[in-house]
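Here is the structure we will look at, set down as structure tokens.
Below, read A as the first sequence line, B as the second, and so on, with proteins coming before strands; counting in each chain starts at 1. Because the structure is predicted, anything quoted here is derived from the model rather than measured.
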2 protein chains.
Amino acid sequence: MATIKDIADKVGVTVTSVSRVLNNRGYISEMLKKRVQEAMEELNYQPNEVARSLIRKKSNIIGLIIPDVSHPFFGEVTKYIEYYADKNGYKLLLCNSKLNKLKEKEYINMLKGSQVDGIIMGSHTMDTKDYTSIKLPMVTLDRQITDTIPYISSDNYKGGELATNLLIKKGCKKIAHISGNLHLNLLAKLRHDAFKKVITNKGIEHIVLQTEINGFNYDEYEQLVSSMFREHPDIDGVFASSDIIAAQVLKECYRIGKSVPEDMKIVGYDGIQLGQLITPGITTIKQPTKEIGKMAVRLIIEQIEGQDVSKENILPVKLIERQST
Amino acid sequence: MATIKDIADKVGVTVTSVSRVLNNRGYISEMLKKRVQEAMEELNYQPNEVARSLIRKKSNIIGLIIPDVSHPFFGEVTKYIEYYADKNGYKLLLCNSKLNKLKEKEYINMLKGSQVDGIIMGSHTMDTKDYTSIKLPMVTLDRQITDTIPYISSDNYKGGELATNLLIKKGCKKIAHISGNLHLNLLAKLRHDAFKKVITNKGIEHIVLQTEINGFNYDEYEQLVSSMFREHPDIDGVFASSDIIAAQVLKECYRIGKSVPEDMKIVGYDGIQLGQLITPGITTIKQPTKEIGKMAVRLIIEQIEGQDVSKENILPVKLIERQST
DNA sequence: TTGTATGCGTTATCAT
DNA sequence: ATGATAACGCATACAA
């Protein structure tokens with residue numbers, strides 16, 4: 001690969017001058033500028049960003065730690081994060097933690113070693129102090145770690161209310177809420193809280209289940225849903241904490257011959273694109289993945305640039321009614 | 001952030017010695033080794049990988065260019081690529097090209113500038129010479145660019161045969177194949193070729209449709225499928241080139257009141273995890289995403305290490321019969 | 001307007 | 001067994 005020295009030699013000047021045209025700073029004659037640019041073209045020169053990072057103390061890389069890109073919700077968020085990062089001249093280093101504490105720690109060290117300029121944390125299984133000691137611009141998704149680390153989440157409480165109220169309005173008499181794991185300290189827990197509050201207020205029979213702490217296991221969901229229906233055959237409404245789980249519920253309904261929405265009404269969560277494909281369409285609470293991604297990148301960059309950013313960033317959710325209710 | 005110099009100062013030696021214990025090379029007394037390690041612990045030292053990359057001329061970063069992580073197939077492949085990259089001490093830089101030629105070019109330049117050690121190309125919209133001029137370890141997914149660039153694909157022809165034969169065996173009289181765009185020069189075209197051959201051999205009525213060239217647009221799929229059924233109401237079997245499209249077909253069947261598999265049989269492609277969730281289960285040709293990811297990483301690393309690698313790497317597919325046939 | 005010298009954090013080659 | 005010094009490719013303060 002050609003270096004700045006090669007260009008300089010070719011043009012017959014020093015690297016300083018080449019660097020000047022490269023960065024468009026300081027005085028340079030139009031003549032020189034042109035000759036340098038030609039030489040760059042000819043040698044197909046690409047500045048070595050590693051060297052630049054070293055001297056600038058800035059890598060223009062953002063680290064992203066999420067549980068699993070292949071989970072549709074995270075896949076969508078990742079797509080948008082990458083899009084906005086690129087748009088702003090940043091690159092994205094992808095890390096799948098699989099909600100594993102050790103892995104998460106290793107990734108954070110790796111990212112620090114790689115001199116990333118900031119970290120977007122979509123996976124948080126560690127203890128608070130492990131995050132506060134990171135000393136790097138950071139944004140978390142769906143978890144409030146301290147009041148110093150900015151977080152982004154959608155309005156989980158509102159989402160929980162919308163979902164629960166809808167099921168009640170539609171006449172459900174016994175409603176199950178299948179939550180993600182409540183020990184992860186995620187803000188998603190607020191969906192559960194809203195569910196509890198609304199449903200006890202209205203005095204409606206209900207149960208709450210939660211998934212295992214480690215990752216997204218479709219087989220586990222299947223087990224969970226199937227045993228739920230076995231133990232509570234009188235359930236006529238389910239508020240699931242993801243569209244994936246909702247789809248699993250729908251599938252089980254088919255299997256045991258419950259018709260949706262007549263015998264059973266289902267509300268999912270996330271509003272993933274794939275939800276459109278399932279029949280009957282699953283009513284869901286849509287999280288604004290695009291805005292989440294956009295804001296995550298913006299907050300990271302603002303911190304990198306030394307600006308103050310707002311710590312609490314709650315984006316609106318939207319109820320999308322389809323045929324499952 | 002602490003540097004190697006800080007450690008050296010703290011211990012009272014030169015950076016040379018610290019570097020020695022860091023890399024475990026050359027002579028170092030056990031005593032020194034221990035003191036250095038303690039100092040590293042205390043200062044929470046992380047070697048600066050940027051500086052290392054610069055002098056070693058090796059970044060330990062692999063670039064991945066795909067159309068879209070949020071597409072389930074690529075999401076799964078990406079997950080495994082990241083997994084195996086990490087396992088082998090490499091980091092992953094993610095790029096979503098959206099099948100855009102210009103974007104792809106920009107990403108390639110960016111990756112070269114970033115000194116990545118190799119590129120996994122899952123998006124290929126450029127011309128052959130644009131790839132051959134890259135001069136970097138490379139592996140392509142599902143496209144044979146030249147006989148010098150190794151590629152990985154699953155057995156598309158076999159997949160096409162399996163799907164087509166199954167539909168015929170199940171008694172379909174008029175079969176549609178909905179293909180990805182055939183001008184992209186993807187090996188996925190072989191699915192189409194197999195379809196054509198099998199079906200003309202058996203003299204069965206058929207039609208072929210293809211999707212637009214740019215990206216994965218659910219609305220476009222919907223249009224396509226719906227107009228297909230309008231124009232060819234007598235179709236009783238569909239071989240779709242992805243599970244997403246197959247799900248779209250299924251959805252349209254519900255909408256227009258065709259029952260599956262009685263009036264219409266559907267075979268998808270990819271075997272994405274989400275396929276399990278849809279009811280009725282969509283029969284599909286499963287691509288070995290995990291093996292694809294694993295092999296992609298292996299082939300890149302072997303090239304980085306200067307080894308010769310096999311150019312043609314075709315992995316087996318598997319027919320998974322579910323209720324849609 | 002251009003060049004010289006220095007340094008970013010690390011590794012590698014010689015010395016000692 | 002340890003240290004001094006150069007080098008990786010680039011950017012910048014200071015000279016000229």
*Closest nucleotide of DNA chain C for V15(A) versus for K33(A): which of these residues is on the 5' side?*
K33(A)
*Whole angstrom value for the distance that separates P of dA11(D) from CG of L22(A)*: 5 Å
_Over all atoms of both residues, closest heavy-atom pair of K91(B) and S114(A)_ = NZ-OG, 3.0 Å
*Provide, to the nearest angstrom, the distance between the NZ atom belonging to K112(A) and the P atom belonging to dG9(C).*
16 Å
_If you compare all heavy atoms of A296(A) against all heavy atoms of V139(A), which two are closest, and at what distance to 0.1 Å?_
O-CG2, 4.1 Å
*Remember a base hit wins even if backbone is also touched, and classify V50(A) as base, sugar-phosphate or nothing at under 4.0 Å, heavy atoms.*
nothing
*Mind calculating the distance between OH (Y27(A)) and C1' (dA15(D)) to the nearest angstrom?*
15 Å
*asked:* If only side-chain N and O atoms count, and only distance matters, is there a donor-acceptor pair under 3.5 Å linking S123(B) with E104(B)?
replied: yes
*Pairwise 5' ranking along DNA chain D for L54(A) and R25(A), keeping only the more 5' one*: L54(A)
_Quick check on DNA chain D: between T14(B) and S19(A), whose nearest nucleotide comes earlier from the 5' end?_
T14(B)
*Search all heavy atoms of Y84(B) against all heavy atoms of K290(B) and return the closest pair with its distance.*
OH-CE, 3.3 Å
*State, to 0.1 Å, how close L93(A) and L92(B) come at their nearest heavy-atom pair, and which atoms those are.*
CD1-O, 3.2 Å
*asked:* Distance check needed: dC8(C) C1' versus M1(B) CE, whole Å only.
replied: 14 Å
_Integer-rounded Å distance: dT1(C) C1' and I28(A) CD1_ = 10 Å
*Looking at N23(B), does any N or O in its side chain come under 4.0 Å of the phosphate oxygens OP1/OP2 on dT11(C)?*
yes
*Confirm from the modelled atom types if R20(A) and dT1(C) form a donor-acceptor pair under 3.5 Å, side chain to base only.*
no
*Please report, rounded to the nearest Å, how far the C1' atom of dG9(D) is from the CD1 atom of I7(A).*
12 Å
*Look at the side chain of T16(A) and the base of dT4(C), then say whether one donor and one acceptor between them are separated by less than 3.5 Å.*
yes
_Rounded distance in Å - CG (N60(A)) to P (dA11(D))_ = 12 Å
*Can you tell which of dT12(D), dC8(D), dT2(C) lies closest to the side chain of I55(B)?*
dC8(D)
*NZ of K58(B) versus P of dA7(D): gap in Å, rounded?*
24 Å
*Choose from dG9(D), dA11(D), dT11(C) the nucleotide whose nearest atom is closest to any side-chain atom of R56(B).*
dT11(C)
